[in-house]
Each structure stands twice: as C-alpha cells, then as structure tokens.
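Working notes for the structure below.
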Amino acid sequence: MYFDLSKPQKLLQQSVRDFCKREIPISRVRALMETDSAMDDSLWMEMAEQGWIGLHLDEQYGGLGLGPVELSVVAEELGRACVPGPWLSTNWAATLLASIGGPVASELLPGVFDGSMRITIAALEEQGSWSFDPAVMETRLSENGKKTVTEAVTVNVLNGRKYLVQHAQQADHLLCVAGVDDELCLLTIPVASDGLRITSTPGIDATRKVYQCDFSNVPIRRDQILARGDEARQALQQSQNVAMVAVCSEMLGILQWLLKTTVEYAKSRKQFDRVIGSFQVVQHMCADLLLLTESARSAVWNAAWALQENLDANRAVAVAKVYVSDAVRKAGNLAVQSHGGIGFTWEHDLHLYYKRAKADEYLFGDATFHRERLAEMILG
Amino acid sequence: MYFDLSKPQKLLQQSVRDFCKREIPISRVRALMETDSAMDDSLWMEMAEQGWIGLHLDEQYGGLGLGPVELSVVAEELGRACVPGPWLSTNWAATLLASIGGPVASELLPGVFDGSMRITIAALEEQGSWSFDPAVMETRLSENGKKTVTEAVTVNVLNGRKYLVQHAQQADHLLCVAGVDDELCLLTIPVASDGLRITSTPGIDATRKVYQCDFSNVPIRRDQILARGDEARQALQQSQNVAMVAVCSEMLGILQWLLKTTVEYAKSRKQFDRVIGSFQVVQHMCADLLLLTESARSAVWNAAWALQENLDANRAVAVAKVYVSDAVRKAGNLAVQSHGGIGFTWEHDLHLYYKRAKADEYLFGDATFHRERLAEMILG
Amino acid sequence: MDLNLTPDEQKFRDELRSWLAANVPEPWPGHRRGEADAGYWDHLRDWQQKLFGGGWAGVSWPVEYGGRGASPIQQSIFLAEVARARAPEHFGVIGEGLVGPTIMAVGSEQQKQKFLPRILSGKDIWCQGYSEPNSGSDLASLSTRAIRDGEHFVVNGQKIWTSFAQIADWCLLLVRTDTSVAKHKGITCLLVDMKSPGVSTKPLRQMSGDSGFNEVFFTDVRVPIENQLGELNNGWRVGLVVLMNERANLGASVYVSFEETMRQLIEHCRTRKRNGRLLAEDPLVRQNIAQAHVELELFRLNTDRALSRSNAGETPGPEGSILKLYWSEMNQRLSQTAMEILGDTAQLSTFDNGNWAYRYLRSRGNTIEGGTSEIQRNILAERVLGMPKSY
Amino acid sequence: MDLNLTPDEQKFRDELRSWLAANVPEPWPGHRRGEADAGYWDHLRDWQQKLFGGGWAGVSWPVEYGGRGASPIQQSIFLAEVARARAPEHFGVIGEGLVGPTIMAVGSEQQKQKFLPRILSGKDIWCQGYSEPNSGSDLASLSTRAIRDGEHFVVNGQKIWTSFAQIADWCLLLVRTDTSVAKHKGITCLLVDMKSPGVSTKPLRQMSGDSGFNEVFFTDVRVPIENQLGELNNGWRVGLVVLMNERANLGASVYVSFEETMRQLIEHCRTRKRNGRLLAEDPLVRQNIAQAHVELELFRLNTDRALSRSNAGETPGPEGSILKLYWSEMNQRLSQTAMEILGDTAQLSTFDNGNWAYRYLRSRGNTIEGGTSEIQRNILAERVLGMPKSY
C-alpha cells in the first residue's frame with residue numbers, strides 16, 4: 001500500500017503550482033472574474049498547451065493518456081489558485097464525449113484538447129436534480145411530425161430549459177441531457193442552432209460563468225443524438241464520477257488555501273497585545289481546519305484511485321463528494337470567523353474562495369444528495 | 001407581558017428546592033436507585049402530602065387546582081435534585097384520567113393524590129412510536145366470541161406487549177393504550193389481572209424503573225374501556241402535552257444542575273497551574289451551557305404558559321420538546337467533557353443526570369419525532 | 001407569568017398600527033443599502049420627519065426630552081411593527097438609539113440642548129466611530145489620537161465599519177487622549193462634525209457585494225473642546241453603555257426580518273418541486289423547516305424574556321450577549337438551511353433577485369460585527385458566570 | 001498511489017488468516033471487561049501464549065528481540081485481522097506495544113535481557129502508571145514521589161486510569177525525582193514490580209457501569225535502582241515516546257470494532273420497523289447511515305495514509321493527534337446516531353444485551369482518555385501548525 005502521490009505526480013503538481021503562481025496571480029483572477037466570460041483566449045490556449053484539457057483521456061483523441069489521479073492533482077492546484085474559466089466544464093464534457101466515442105468524439109475532441117473548440121454540458125433543470133430522472137425532465141426531445149427518431153433523416157425538436165450551464169456563451173457546442181420517451185438521451189447542439197437562447201444568470205461564484213439555456217423547437221438531426229437509454233445513463237454517470245473527482249480536488253485546493261491563509265493570519269494579527277493564534281479558541285479553529293483538510297485529501301485521493309482502478313468508484317466518489325462538500329463549507333466558515341472583519345471584505349481574497357466553494361458544494365449534487373445515493377448502495 | 005414566575009410560584013419553587021435539599025440529597029438518590037423500585041413509601045407519601053401529585057388537577061378530585069406553570073416549577077426542582085421514582089408517570093396517568101373524567105377518575109384519583117393508589121401508563125411498543133397509530137399497534141383489544149364491544153356485559157380480551165412502562169411493578173392499575181378495530185382505546189387494567197405479565201427491563205436511567213408488560217388474553221370488561229376513538233386520542237394528546245411540559249421542566253432542572261456543577265468545577269480544578277475555567281475553550285463550553293440553559297427556560301415557560309392559556313399548546317409544547325431534548329444532550333456532553341476523567345466516573349454524580357437526561361430525551365418522542373409533528377403543523 | 005400584552009401595551013400597538021397604515025410610504029424601488037443615491041437618503045430623511053411629526057420619534061426617550069417615554073416592551077413593539085409595516089430603514093437609529101441616550105446620561109446641559117432636539121427631529125444623522133483596522137475585538141487598543149491644542153482637540157486616525165458615515169452630520173467618536181496610561185484609561189469620547197475639514201469617508205465593500213459600512217479618515221480634524229462628551233479619559237465607560245444598548249436593542253427588528261425570511265422559505269417549499277416532488281413533502285426539508293422554526297421561536301422567546309426583565313427595571317447587562325450570540329449564529333444556520341432547501345438555483349442572482357445568496361453571504365458578518373461570537377462567549381463566561389479572564 | 005496491499009503484505013495477511021482460523025478460541029461467554037473473574041484472565045493469558053507459540057507475538061518487534069519485524073502496515077493488518085477473527089482481547093497490549101519498544105529504545109542491556117523475553121512470551125503483563133487525580137491533561141505536573149534511599153527508590157503516590165493494574169506483573173511508572181526544577185525536568189521512569197509491598201489497586205467504576213480502569217496506590221514502595229528506565233530526570237521524554245506510540249497504534253483495532261457496530265446497525269435497519277415502516281426506508285435514517293458510513297470510511301482512509309507515511313519511514317509524530325481526535329469524536333457521533341435510529345428501546349439492558357446504551361456511554365470517555373480532544377487540538381495547533389502556545 002502506498003497512499004501518496006508518485007514522483008511524477010509530485011512533479012506535475014509542482015509544475016501546475018508554478019504555472020499558476022506565475023501566470024494567474026490573484027490579481028488576474030480578479031480581473032478575469034470581472035469580465036463577461038471569466039476567461040481570456042491566451043490563458044486558455046496556454047492551459048491547453050500545458051495539456052491540462054483532457055489530460056486523463058485517450059491519446060487517440062489527443063489527450064495525454066494520464067489518469068484520474070493526475071487530473072486530481074491539476075484540479076487541486078487550479079482550486080488553490082482559484083483559476084477562473086471553463087476548465088472543469090470542458091473536462092466534464094470531454095470525458096462524456098470520449099466515453100461515448102464515435103464520430104462526434106473524433107471530430108470534436110482534438111479541437112477541445114488544443115483549445116480551439118469549446119464545449120460544455122447543459123444538464124441541470126430548475127426543479128430537477130442531479131439524478132436526471134427522465135420522467136420529470138422538462139427538456140424533451142420529441143418527434144416532429146410522425147416520423148420516429150430512429151430514421152436517419154428525421155428532424156426532431158428539443159424543447160425545455162437548462163440552468164447553471166457553465167460557460168455556455170463561450171462554447172461552440174453544448175452537450176445536452178434530455179428526456180425522450182421514458183429514457184435519457186444525450187445530444188450535441190451547436191450554440192448557433194435556431195431556437196436556442198442563452199442568457200447570463202450570474203451566480204455566487206464569479207470565477208465561473210453560468211447560463212440559462214432555453215430550447216424552443218430546436219431542430220435535432222439524428223446524428224446529433226449521441227446516446228440514449230442505458231448507454232447515455234452510463235456515459236453520463238462515468239463522466240460525472242470523473243468530474244466529481246475534479247471538483248472535489250478543486251475543493252481540496254480551496255481547503256489548502258483556507259488553512260494556510262488562516263494560520264498565517266492567526267500568527268500575525270495582533271489583538272490584546274498578542275497574536276490571535278495564541279488564543280485557544282482560534283487555535284482550535286485552525287486545528288479543525290487542518291483535520292478537515294487532511295481528511296478531505298484522504299477522501300479525494302481514494303476516489304481518484306478507485307476511479308483509476310475501476311473499483312466501486314460510485315461509492316468512493318460519493319463518499320468524497322459528501323465529505324468534501326461539507327468540509328469546505330465548514331472550513332470556509334471557520335476561515336471567515338478567524339479573520340474577523342477583514343475576512344468579510346471584498347478586498348480580501350477569502351470571499352473568492354468562499355464563493356467558489358459554495359458553487360462547488362452544489363455542483364453534481366450536494367452532500368445530502370449523495371448521502372441518499374450512498375444509502376441506496378448500502379441499504380438498498 | 002410578564003415573562004417570569006409570579007411571587008407565589010417563586011415561593012413554591014423555593015419550598016420544593018428546600019424539601020429536596022433536606023429530604024432527597026444525592027446520597028438518598030443513589031440509595032434509592034439501587035433498589036428494585038427506586039422509591040420508598042415514606043418519601044412517596046411525603047411528596048403526596050406536599051401536594052405534588054396532581055397539583056395541576058381539579059380540586060374536585062383532590063388535586064391542588066394549580067396550573068401547568070406550577071407543575072413545571074415542581075418538575076424543574078425534582079429534575080435538579082434528580083429525584084427518583086414515579087412522580088412523572090403518576091402525573092401523566094392522573095392527567096389522562098382527569099381528562100377523561102367519569103366514574104373511574106372519581107374512584108381512583110383521590111387515592112392517587114394522597115399517595116395510596118399507584119397508577120401508570122402502558123403506551124409505547126417496541127416497533128411503534130409516540131404517535132400511537134392504531135393501524136400498526138400490536139396491543140389490541142378484540143372481541144371474545146362474536147359479541148361487540150358496546151354491549152355492557154361483554155368481556156373482551158387484550159393481547160400484545162408494551163415497553164418502557166414506568167414503574168409498572170409498583171403500580172396498582174395500568175392505563176393502557178390499545179388498538180380496537182381502526183381506532184385507539186384507553187383501558188384501565190388492575191395489575192393483578194389474569195394474563196398480564198410484568199418484566200423488569202432496566203434502562204439507562206436507574207432513577208426510574210421501566211418494565212415490559214405482556215398481555216395475553218387479558219379479560220377486559222366494558223367498564224374498563226375509558227375512552228375510544230377521537231375522545232381517547234384527544235385525552236391522550238392533552239395528557240401528553242402536560243407530561244411533556246413536566247419532562248421538559250425536569251430537563252431544565254438537569255440543565256441548571258449541569259451548568260452550575262460544571263462552572264463550579266471549572267473554577268476550582270487546576271491544571272497547568274491555573275484553574276481550567278481560565279482556558280478559553282472551557283469558558284466557551286460554559287458559555288454554551290449557559291445559552292442552552294437559558295433558552296431551554298424560555299421554551300419551557302412558554303410551553304407551560306401556552307398550556308395554561310390553552311393557546312396552540314401543541315405547537316408550543318413540541319417546540320419545547322425539540323429544543324430542550326437537543327439542548328440537554330449537548331449540555332450533558334459539554335459537562336462530561338469539561339470535567340475530564342472525573343466526570344466519567346461512577347463516583348461523580350454527573351452520570352446520574354446524564355442518563356436521566358437521555359431517558360427524558362426519548363420520553364414522549366425525541367426531537368426528530370417532534371420536528372416532523374411541527375412540520376405537519378407548518379407545512380401540512 | 002403572562003405572555004400577553006398588557007392593555008397599555010396593546011393600546012400602544014394599536015395606535016401605532018393605525019398611524020403606520022396611514023403613513024408608511026411606498027417601498028423605495030430596488031436598491032441595496034450603501035449603493036444608494038441621494039434620492040434614497042432623502043426618502044429616509046422624509047420618513048424620519050414623518051415619524052417626528054407623528055410623535056413617533058424617540059419613542060423610548062423620556063418625555064422631558066421630547067420622547068414618548070415608552071417602556072422597553074413598547075419600544076420593542078415599535079421596532080417590530082415598523083418592520084412589519086415595511087417602513088423605510090430607520091435613518092436615525094444611531095442618533096436615537098445610541099447617541100441620544102448617551103448624551104442624556106453623561107452630556108452637559110449645553111450638549112443636551114444643542115443635540116437632542118436635532119436628533120429627534122431627524123435634522124442630524126449620526127454615525128459612531130469605534131472600530132479601527134488594528135482594533136477590532138480589542139477595541140480599547142484604538143489609536144486614533146486627539147491632542148489638545150488650545151480650545152480644540154486635533155484628531156488624526158482611521159475608523160472602520162462605520163454605518164451611515166457617508167451621509168452622517170455628526171460622529172460619536174472614541175479617541176485616545178492619553179497614551180501614558182492603561183489602554184482603557186486614556187480614551188475620550190468626542191462629538192465630531194462630519195463636515196469638519198479633514199474628515200473623509202470611503203465605502204467598504206463586503207463579501208456580499210454591497211457596501212453597508214465605511215472607512216472614515218481623520219486628518220488634523222479640529223474638534224472644539226465643548227464637544228467632549230463625558231469626562232476626559234473616561235470615554236471607555238461612555239462607549240460601553242452604547243455597546244450594551246446596541247446589543248439589547250436589535251432583537252425586535254431582526255426578528256421580524258427572520259420571520260419574513262421563514263415565511264418566504266415556507267412559501268417556496270409549498271410551491272417548488274425537486275425531481276417531481278414538492279419540497280414540502282421531502283422529510284429532510286420538513287426536519288429543516290421545523291428546526292428553523294424552533295430556533296426562531298427560541299429567539300423570540302429569549303428576546304421577550306430579556307425585555308420583560310428590562311421592563312421590570314433591570315438595566316441591560318452582559319446577558320445581552322446571549323441574544324447577540326444566539327441570533328447571529330441562528331441566522332447563519334437559517335441562511336444555510338435555506339440554501340440547502342432551495343438547492344442549486346439559490347446561488348443565482350436571477351432567483352428571487354439573488355436575495356438568498358446575499359443573505360447567506362451577509363450572515364457571515366453577523367458573528368463578527370458588534371463583537372464577535374468569541375468576544376460574546378468571553379463576556380458570558382467572565383461577566384455572567386464569574387470565570388477568570390482567559391487572556 | 002496504490003491502495004492495494006503489496007504481494008508481501010497480502011502474503012502476511014493470508015498466512016495470519018489461516019493461523020487465526022485454526023487457533024482463535026471460542027469467545028469467552030458474556031462478560032464485560034473489568035468485572036472479569038480469574039478464569040477470564042487465564043483465557044487471555046492462554047491466548048497470549050498461543051500467539052507466542054505461533055510466532056505472532058510482537059509482530060512489529062525487530063527480529064533480534066524475537067519479533068517478526070513487521071512493517072507498520074503489516075502491524076496494522078495484524079491488529080485488524082485479529083479483531084475481525086474475534087480473538088480474545090490482547091492481554092499484552094501495553095507490554096508489547098508500549099513498554100517493550102520503550103525498553104528497546106532507552107533500556108540497558110540488562111533490562112532488555114530481563115524484560116523483553118518475558119513480555120514477548122506473555123509471562124509478564126504490564127500496566128502503565130501515568131495519570132494522577134491532580135495530573136490529567138497536565139500530566140507533567142505529576143506528584144508521585146520517588147526518593148533515593150541507598151540502592152532503592154522509595155515511591156509514594158497515587159495513579160489513576162490504569163488499565164490491567166489489578167492483574168499486571170509490572171508497571172511502567174512515571175515519578176517525580178526532583179522537585180526543584182521545572183516540572184518536565186524532574187520526572188523519571190521506573191519499572192515497578194506490582195507485587196512489591198506497598199502497591200495496591202482499586203477498580204475505578206465508570207459511568208458506563210464497568211470498571212476498565214483502576215486506581216493504583218504506592219505506599220513506601222521500594223524499587224531497586226537498576227529498574228530506572230533511561231536517565232534520571234529524563235522520564236518525560238521517555239513517557240512521550242510511549243504516548244505517541246499509543247495514539248498511532250490504536251487505529252486498526254478500533255476501526256474493526258466500529259465496522260462491526262455499523263454492520264449491526266445496518267442489519268437492524270433492514271429488519272426493524274418503526275410505526276409500520278422499515279427503518280431502512282426512513283429518509284432520515286438513510287441520511288444518518290450514509291453519513292456514518294462516510295465518517296467511518298474517512299477514518300479508515302486517514303489511518304491508511306498515516307500508516308503509509310510510517311511505512312515510508314516517517315516516525316509517528318504529532319499528526320497522530322489527528323487520528324485520535326477524529327476517531328474519538330466520530331465514535332461519539334456514531335453512538336448517538338445509533339441511539340437515535342434504534343429509538344427508545346435502545347436504552348434498555350434487554351435490547352442487544354444493553355450494548356447500544358453501553359457504547360453510547362462508553363464513547364463519552366473517548367474524547368478524554370489518552371489526551372482530551374482539547375489537548376489534541378492544542379498539539380495540532382502548536383506542533384503541526386506552529387502556532388504559539390495558548391497557555
């Protein structure tokens with residue numbers, strides 16, 4: 001048993017950390033988040049050049065062919081630096097495409113990996129959930145006229161609305177989760193399609209932009225249907241597991257930042273003629289931050305490894321999402337409280353991490369959602 | 001608005017406190033809890049003489065005709081002194097009887113109040129709940145032969161099992177909650193009845209003895225059926241509200257004891273050459289104990305008052321049971337932790353209060369149970 | 001024990017209700033405090049004038065100072081009813097609630113005559129200059145200096161977390177007048193004209209995005225010595241009175257805002273679905289709603305008990321810390337509960353105008369402002385429970 | 001990263017499993033530790049002998065001292081497998097796990113030869129005398145005195161919370177040998193024969209009703225000077241090594257006991273009803289079970305990460321406090337969760353033999369014994385995070 005990063009993984013970690021320090025200091029994060037897209041092309045192309053898009057995916061598509069552990073290493077560093085932009089949503093979408101394979105994957109993925117093609121996923125609905133029950137899904141693919149969806153030339157139409165679609169306005173293609181009859185289906189939709197309206201809906205976290213996508217009789221050709229039924233469900237689940245490892249790793253990076261920043265502040269801020277880190281209550285808050293962060297690391301590494309080994313990854317990933325989502329919220333609260341007034345200001349960087357953590361807590365389902373999933377695995 | 005005890009109520013409080021100090025020091029509590037019954041006749045008769053049994057009930061039956069607030073005052077002091085024995089269960093049963101009225105109440109209650117007649121209630125089932133759903137109640141009254149329960153001379157039979165019946169072995173009569181057809185009914189059953197077996201099942205709290213009662217074809221005459229249907233349900237609910245105010249008041253007494261004892265210990269115990277009460281973390285535990293105790297007092301007084309005024313008492317009582325049940329558990333944990341090793345010994349009195357608090361937390365339904373009741377009132 | 005209002009209290013409430021029904025203006029259209037324009041400030045000033053005209057300014061002030069002599073319970077009824085009527089924000093809250101009573105307690109006759117009527121009529125808006133960047137929890141370490149120069153003090157320094165500073169006419173300012181003694185003993189309280197040369201303010205943006213507070217800078221500001229409030233170097237005690245009042249007074253109006261939050265949350269539970277099921281039917285949501293209800297009830301009851309004590313003539317003491325500690329932490333739990341119940345879309349600025357996310361973020365400040373929860377627990381341990389100082 | 005066992009580790013485990021399958025005796029019929037009779041102690045002694053005979057005593061001891069030279073991971077596999085096989089309690093746990101390694105580290109050649117073989121073979125049972133009634137968290141303030149008298153120390157004082165004292169042959173005892181210096185600098189470690197005149201023990205009953213610990217009284221007990229372990233007045237450092245080992249070692253076996261608790265709880269959820277519905281169908285129960293599962297998993301994973309570090313040659317340091325802190329508080333939550341899920345009848349001695357109520361009460365001791373959670377957090381803050389001492 002060796003429960004640590006390997007040497008190459010540690011080198012990767014260092015190189016991402018160095019890049020972020022050099023290229024994406026917090027001043028650039030703040031500048032980017034004030035823009036409409038929270039990204040700029042040069043940074044995106046640089047990240048693509050580093051190989052960070054699809055680094056865990058097959059070399060046949062242009063990925064680096066590394067594994068979920070390496071993806072986790074990169075995500076943690078991007079979280080620690082609060083790097084804005086569509087890295088997470090792009091990797092989620094790329095994983096989904098790769099998992100389905102076929103001509104669309106071959107067509108789009110090379111461009112995704114080199115940064116020239118932008119994709120994202122439209123999945124969540126306002127009154128839906130991350131379990132994507134087709135029975136209650138509002139976004140539906142339906143037959144136009146009387147022809148069936150299996151006929152190659154038939155044009156079907158998509159109607160409905162998706163929320164919290166990351167970086168939809170910066171994307172060339174949306175992958176869309178929809179209901180068709182009593183099944184799920186996965187579609188690829190160019191953003192320029194007729195009947196598709198994308199509206200900005202600023203969220204709590206300004207470092208990633210989210211949009212509402214309205215589909216009004218959007219025509220869907222058969223070759224835009226990537227998968228349906230069990231195949232769609234499995235590909236989606238698998239891509240979510242990968243993306244959840246990434247988002248948990250990102251939260252781990254946030255936890256590391258919160259711990260380090262809070263301990264440093266507690267060691268330097270003086271009140272009552274002594275540093276506040278000498279007050280037992282502040283010490284204990286820092287000790288709790290340490291415990292939360294270290295435990296989150298165990299959970300994240302275990303999930304990444306289980307995914308890599310294909311060992312009951314559903315369970316390991318759910319455990320990580322539950323633990324880390326709760327941990328990062330508690331840690332954010334401890335960090336703000338330990339900082340006092342200064343930690344509550346816009347000027348201090350704490351709120352950037354605090355808000356990103358809140359968005360991550362929700363993303364792919366909060367702790368309560370995944371506890372129910374775990375209960376299903378444990379109790380049936 | 002006057003949110004405090006009146007002068008007479010404060011006098012009552014002082015007199016109960018003085019009596020407990022004089023007559024029931026903790027050494028006597030320990031001696032009594034080691035006995036089979038956790039009570040002795042002389043103490044019981046003295047308590048009866050003080051008027052503490054049925055003090056909130058009508059003078060027509062021999063009660064003092066005081067109200068729920070006075071009941072609460074007495075219960076708090078009995079909790080603070082950890083007084084063993086059947087005071088609570090007797091008052092619950094007496095309230096139920098008085099609420100039904102009729103010949104059985106007139107016959108039994110005077111003896112109950114003067115201490116010569118002992119009654120209790122058999123209500124909870126192992127896989128039931130404090131909502132007493134007749135559809136799943138295991139203890140059932142059924143017709144013997146083909147005659148209906150409404151015919152005066154018919155003998156019916158009772159079958160089933162009850163758990164956690166307080167002081168059943170010391171009682172002369174059990175009041176029993178049972179199912180009949182799809183309704184609830186309330187029965188009075190002499191403990192000497194054929195087919196009734198009472199077994200001791202020691203619980204976590206040794207200051208009140210609890211029993212399992214097995215009913216095997218216990219014959220029930222019609223005049224033993226005190227009420228059924230809505231009448232039974234209402235009388236039961238009302239008696240439970242009164243008993244819940246009493247048990248919440250008792251927990252408030254326990255909270256007071258925990259607060260006082262912990263603060264005193266923290267002020268006197270020295271480690272690292274200073275009293276542990278000068279450590280910020282210990283101080284904050286004590287501050288939390290204070291907050292829990294003071295808030296519990298607000299909840300208890302409000303519930304007692306609402307009951308007295310007949311103002312939406314269900315809600316006020318449920319709020320109190322939720323808050324105080326959780327508060328006393330947290331406070332017990334804080335108290336044990338603040339005491340360190342000594343608080344974990346049998347020798348220290350803390351565990352007597354800790355265990356009684358745990359039994360009280362369950363009694364009449366825990367916080368989760370009453371939150372669902374409240375949700376029903378709020379959300380439907 | 002009688003938790004009903006007395007006939008006098010009811011009469012007070014009914015009279016107030018009728019007056020409010022006739023006088024509360026239309027809500028100011030969509031704004032968030034601190035980003036306000038001049039029109040908004042005029043709106044608040046108008047309301048202050050209206051209250052004064054109706055005889056509802058300074059309800060708790062003694063009749064001799066033009067107030068209504070309301071009891072603490074009546075004062076609390078006033079705050080609750082005004083909030084329930086969705087009246088404008090109380091512009092004069094610091095002047096009426098904190099500065100006025102302090103001037104009454106320790107001010108000179110001249111100060112009373114000069115300042116009290118203008119506070120009551122809403123002519124003067126006040127702010128208070130207490131916290132400094134390096135003096136937060138350790139307020140007594142403040143370093144804004146005032147040096148005597150003839151008939152003036154010359155003030156230099158910086159204050160922070162100052163509400164209303166950008167619009168205030170006057171400031172109740174704590175300054176250091178003696179550096180040679182223990183920190184609590186060298187502080188003096190000054191009444192400073194905010195239009196004095198050398199005073200400047202800068203809005204302080206919070207993590208919640210709005211700017212409810214300001215930084216205030218004092219550069220060689222000359223304050224006439226007659227504007228010293230109370231004795232020289234006795235300002236710490238003067239300041240403490242203000243803080244105690246602050247903690248005791250807030251209860252009634254924040255309660256109303258939490259109650260409104262609960263109402264909205266319950267409404268959403270009754271109408272919104274998750275995955276095909278009404279939120280109100282989800283057993284976890286039901287537990288959370290019930291728990292929030294219990295906690296809110298306890299806040300109301302704790303506040304009422306404290307009020308009842310005040311009404312019986314007990315002065316607000318360190319127990320005020322229980323209320324502050326309780327509501328600030330409760331509001332954080334309530335905000336988190338709402339975010340959890342409402343789910344992913346609660347984070348959006350397009351959902352209920354972003355109010356849930358705003359409340360969630362803003363609530364983090366509750367356990368810091370007005371004395372952190374750590375300070376409140378210290379106060380409870382040391383001053384209510386009599387435990388030795390921990391630092 | 002590779003969380004699988006290596007081939008070597010697997011081989012170790014498989015070998016052990018076969019041996020255990022053939023050698024673990026029938027469980028001792030219904031007893032609770034501390035209320036045991038002589039027969040029970042013999043049962044434990046027999047098992048200790050069996051382990052020794054099978055070559056499974058002192059698995060982590062170096063081969064030169066008769067051990068198996070197992071790695072930390074193998075040691076942890078050993079503890080887990082023994083627990084899973086429901087083998088008897090490890091009678092020699094203090095001798096093998098704490099005293100032996102300490103003697104190896106600082107003992108004289110003569111002490112090694114005299115004590116180590118008898119520890120390994122189970123001939124000598126050890127206890128440790130650390131805490132005193134007035135020295136709990138502040139262990140270094142201990143006041144049990146040892147005064148040199150010719151070739152002996154004469155020991156007077158009292159220890160508390162001493163496991164196995166009533167049956168132990170020897171005691172690793174911390175005593176004060178110099179009262180004129182700072183408290184940490186006047187402590188010496190002695191190896192004391194428990195059969196010496198003047199040693200007496202008294203069982204200490206806990207709130208959970210059993211007596212897992214003892215008080216030990218020393219009255220003019222004469223200890224030969226050759227039984228001094230390590231240098232005079234250097235006993236604090238010797239003692240610290242033991243404490244670090246204690247915190248690091250416990251993980252694997254307590255994990256197995258929690259796992260078993262979870263298994264039983266899940267089984268009840270699958271078979272027991274409340275109000276006509278299976279517990280496993282109650283959404284609140286489901287949340288609680290899942291949360292308990294997550295927390296237990298995290299304990300396993302944290303333990304494995306610490307083990308992996310040890311295996312890589314890092315010595316157990318203050319990070320051990322994370323594990324102790326985590327599992328002790330986790331076990332309290334787990335116990336409460338079980339009490340809540342199982343409901344009213346869980347408080348009865350007739351339900352599962354009273355084990356749930358027992359676990360619930362016993363778990364309160366977890367955050368006190370072996371260093372309170374407060375002490376663990378102090379250690380983490382000061383020694384891992386480098387914050388200044390708070391007291």
Side-chain angles (χ1 to χ4, degrees), chain A residues 1-6 9 67 69 72 259 262-263 266-267 274-291 294-299 301-302 304-306 308-309 311 315-316 318-323 326-327 367-368 370-380, chain D residues 1-6 9 73 76-77 262 266 269-270 278-281 283 285-309 311-312 319 321-323 325-326 329 373-374 376-382 384-391:
Chain A
M1 188 178 66
Y2 179 75
F3 202 156
D4 201 352
L5 298 181
S6 66
Q9 288 160 348
V69 176
S72 162
L259 172 65
T262 304
V263 170
K267 284 181 184 173
R274 40 191 276 197
V275 296
I276 63 169
S278 70
F279 289 103
Q280 202 182 21
V281 160
V282 176
Q283 288 201 339
H284 284 204
M285 292 199 275
C286 290
D288 285 339
L289 272 170
L290 174 66
L291 187 146
E294 284 301 307
S295 301
R297 178 169 303 291
S298 300
W301 280 358
N302 178 58
W305 181 78
Q308 184 150 303
E309 299 281 302
L311 291 166
R315 192 183 280 230
V319 165
K321 189 63 170 67
V322 169
Y323 189 84
D326 282 343
T368 301
H370 288 285
R371 273 190 289 264
E372 173 54 33
R373 281 185 69 223
L374 277 171
E376 190 66 33
M377 302 179 212
I378 297 166
L379 296 167
Chain D
M1 196 162 317
D2 186 356
L3 307 195
N4 289 319
L5 297 184
T6 63
E9 288 159 357
I73 290 174
S76 156
I77 292 170
M262 266 304 274
I266 288 169
C269 289
R270 287 195 174 126
L278 270 185
L279 293 176
E281 291 166 1
V285 169
R286 294 169 72 80
Q287 286 285 315
N288 281 329
I289 289 288
Q291 180 63 26
H293 173 79
V294 167
E295 295 187 12
L296 189 55
E297 270 292 276
L298 262 298
F299 176 44
R300 182 178 68 82
L301 296 170
N302 282 343
T303 306
D304 281 354
R305 261 182 72 219
L307 270 175
S308 179
R309 275 198 302 269
N311 232 45
E319 304 81 14
S321 289
I322 292 188
L323 295 180
L325 181 61
Y326 185 91
E329 298 188 345
S373 287
E374 289 70 34
Q376 309 298 346
R377 286 192 170 87
N378 288 352
I379 290 173
L380 290 176
E382 289 162 19
V384 180
L385 299 175
M387 302 176 84
K389 214 167 152 58
S390 64
Y391 55 94

query = Thinking salt bridges, do D:Arg300 and D:Glu297 make one under a 4.0 Å N-O criterion?
reply = yes
ask   = Which bit of A:Gln308 is near chain D, if near means a heavy-atom gap under 4.5 Å: side chain, backbone, both or neither?
value = neither
Between D:Arg309, D:Met387, D:Arg286, the one whose heavy-atom pairs under 4.5 Å with chain A are most numerous = D:Arg286
Structural part of D:Gln287 lying under 4.5 Å from a heavy atom of chain A = both
Contacting region of D:Glu382 [heavy-atom separation from chain A under 4.5 Å] = side chain
Chain D contact via A:Val319 - which portion, at a heavy-atom distance below 4.5 Å = both
key: With D:Asn288 via side-chain contact (heavy atoms from CB on, under 4.5 Å) - residues at least two apart   = D:Thr337, D:Glu340, D:Ile341
inquiry  = Tell me whether D:Arg305 is salt-bridged to A:Glu294, with the criterion being a basic N under 4.0 Å from an acidic carboxylate O.
reply    = yes
key: Residue D:Arg270 versus chain A: region with a heavy atom under 4.5 Å   = side chain
Side chain / backbone / both / neither for D:Gln291 at chain A, heavy atoms under 4.5 Å = both
ask   = Which of parallel (below 30°), tilted (30 to 60°) and perpendicular (above 60°) describes A:Trp301 and A:Phe3?
value = tilted
Pair A:Arg371-A:Thr368, side-chain donor/acceptor within less than 3.5 Å = yes
Closest heavy-atom pair and its distance - A:Tyr323, D:Leu298 = CD1-CG, 3.7 Å
remark   = Looking only at A:Glu309, A:His370, A:Glu372, the option with the highest number of non-hydrogen pairs under 4.5 Å against chain D is A:Glu372
key: Toward chain A, the part of D:Ile73 with a non-hydrogen atom under 4.5 Å   = side chain
message = As an exercise: rank D:Val285, D:Ile322, D:Val384 by heavy-atom pairs under 4.5 Å with chain A and give me the winner.
response = D:Ile322
task = Heavy-atom pairs under 4.5 Å with chain D are the metric here; pick the option from A:Ser6, A:Ala375, A:Ala367 that has the most.
result = A:Ala375
